[in-house]
Amino acid sequence: MLSTMQDVPLTVSRILRHGTTVHGRSRITTWTGNAEPQRRTFAEIGERTAQLAHALRDGLGIARDDRVATLMWNNAEHVEAYFAIPAMGSVLHTLNLRLPAEQLVWIVGHAADRAILVDGSLLPLLAPLLPRLDTVEHVVVVGPGDTSVLDGCRPAVHEYEALLAGRPTAYDWPELDERTAAAMCYTSGTTGDPKGVVYSHRSVYLHSMQVNMGECMGLTDADTSLPVVPMFHVNAWGLPHAAFMTGVNLLMPDRFLQPAPLAEMIEAERPTHSAAVPTIWQGLLAELAERPRDISSLRHVTIGGSACPPSLMRTFEERYGVRVVHAWGMTETSPLGTVGHPPGGLSGEDAWPYRVSQGRFPASVEARLIGPDGSEMPWDGKSAGELEVRGPWIAGAYYGGAGAEPIRPEDRFSPDGWLRTGDVGTVTPDGYLTLTDRAKDVIKSGGEWISSVELENHLMGHPAVAEAAVVAVPDEKWGERPLATVVLKEGAGKVSYEELRDFLADKVARWQLPERWTVIPAVPKTSVGKFDKKVLRARYAEGELDVTRL
Ligand code: ADP
């Protein structure tokens, strides 16, 4: 028997219409460095979004399903692109501006992007690639920049404001099938070619509702959120879309992502929430220690993308009264997978074990753990396995390219359709996930697994340690053993490897203690600011690290 309910497609244009009318007074503020910030209401954004859609369709001839790329920082114009492109039935493709040139060229070609919206400040990055971006017919330059670098290039060049000027401020958004593509994002591709994940209107809509739930970020129009996480990093974790559902004001950092300007904009614009990877917060803590600022407006921050050291969570809370909420996700999960709010009724130290975990699965994310022998492991908080997930905002395949079938690599998708996350961990009976490692980072020592993340978290709790990354290195006797690479805090004075090892001794099993140690100036980072352990392993293999063996 069928229901009697209306069948209304869940589309991005619905979010846009709601945000720009019901929440028309909410604002996007874009930081501009030394000048007065740029401020726009959601109502104004709505009009400009319509103008952009007209410009893309009538001016540039962008049609349904055409891919339009953005090479942009977090700013109001990027939000306009976020809504205009999917709402008109085309596909938004956010480009990660920190990827190596080769990968960007490959990704643009694979997605067959017809147009690129680029921030003027990023033209020096785009211009040298253009001769190889064969599918690109139009470049739209947003904001000031030296356009002379585009002289003589093949695609037509347009200026964003000029392209929008005079166009109608309303658009008759098409009624789309909710399963059609809204946006796409390529994974950073630590191995092999990058993989394209294509989000549907439905997945974006449902994911945005989840982001707004109290058990997730729980924001309202009384909040101002500062998404430091780039809009090219899994849709800024869903914040721009979610904001238009509930009227959350946005403070956009544009290209000012260094600790000093971040501290300055927090003090000046008083956001109540922010979201970023742990390395950003480590940087901000160091900045605040040196140059104190008023960050008291921040009520909570969402940290994810890589494991958040518990010491970082405690410092933020104890020193600044900011509640850190840990979350896990990936490009393939839109990205919201788990969020670390403790169970109701628990607070203080009792809540702590839950808060430092990666968090709890929401109703729409089903999870299972698959052990080394392929069998499903129990949710007992002890048995470890690879995490597999499924749900309405979880990828079921990767983009295969124009006209090609989607691809489902065996190592990423189980035969029964679950996403294999490549993350290894445990789940408690009440659904809290603790990741011990990425499958490829686990240290396999004499048939036992050592969690690199656990060692790192403990090491980063030492007062002299700024950062620590632990990687597996080959060992004659045990197969693999941990190598601890440590970045010392400035002015921390001398600390011996023996002291660091002893510091770990009462925290992990004896046989897990690293015997190989090295101090490095900084941990290499990936394009989205995560520890790049691949680089560390390669440096070790090349003999570039000065390793002491205890
Ligand atoms: P990439 O793997 O290319 O960096 P993603 O940004 O999608 O692309 O990264 C997803 C991965 O990041 C997850 O599979 C997981 O390994 C890691 N990750 C994300 N959040 C967390 C977290 N809170 N704790 C530990 N690891 C995390």
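Start at 1 and go down the list; that is how both ligands and their atoms are numbered. Atoms considered below: every heavy atom in the structure, side chains included; atoms not considered: hydrogens, waters and symmetry mates.
- Under a 4.0 Å N-O distance rule, the pair Arg420/Glu332 does not qualify as a salt bridge.
- No heavy atom of Gly422 sits closer than 4.0 Å to any atom of ligand 1.
- For a threshold of 3.5 Å applied to N or O pairs, the pair formed by Leu435 and ligand 1 contains no separation below that value.
- Taking only non-hydrogen atoms, the option from Asp423, Val453, Thr187 nearest to atom 14 (O) of ligand 1 is Asp423.
- For atom 22 (C) of ligand 1, the nearest non-hydrogen atom from the set Gly304, Ala439, Gly329, Ser306 belongs to Ser306.
- Taking the side chain as every heavy atom from C-beta outward, Pro524 and Leu536 approach each other to under 4.5 Å.
- Residue contacts with ligand 1, taken as heavy atom pairs separated by less than 4.0 Å, involve Met330 via backbone and side-chain atoms alike.
- Contacts of Ala327 with ligand 1, taken as heavy-atom pairs under 4.0 Å, involve the backbone alone.
- Counting heavy atoms from C-beta outward, Thr30 and Trp73 have side chains that stay 4.5 Å or more apart.
- Look at Arg412 and Glu386 and you find no salt bridge, because none of the NZ, NE, NH1 or NH2 atoms lies under 4.0 Å from a carboxylate O.
- A donor-acceptor pair is defined here as one N or O able to donate and one able to accept, closer than 3.5 Å; no such pair exists between the side chain of Asp254 and the backbone of Trp31.
- For ligand 1, the polar-atom distance check against Gly305 finds a nitrogen or oxygen pair separated by under 3.5 Å.
- Contact check on Glu480 versus Lys444 returns no salt bridge, with no Lys/Arg side-chain nitrogen under 4.0 Å from an Asp/Glu carboxylate oxygen.
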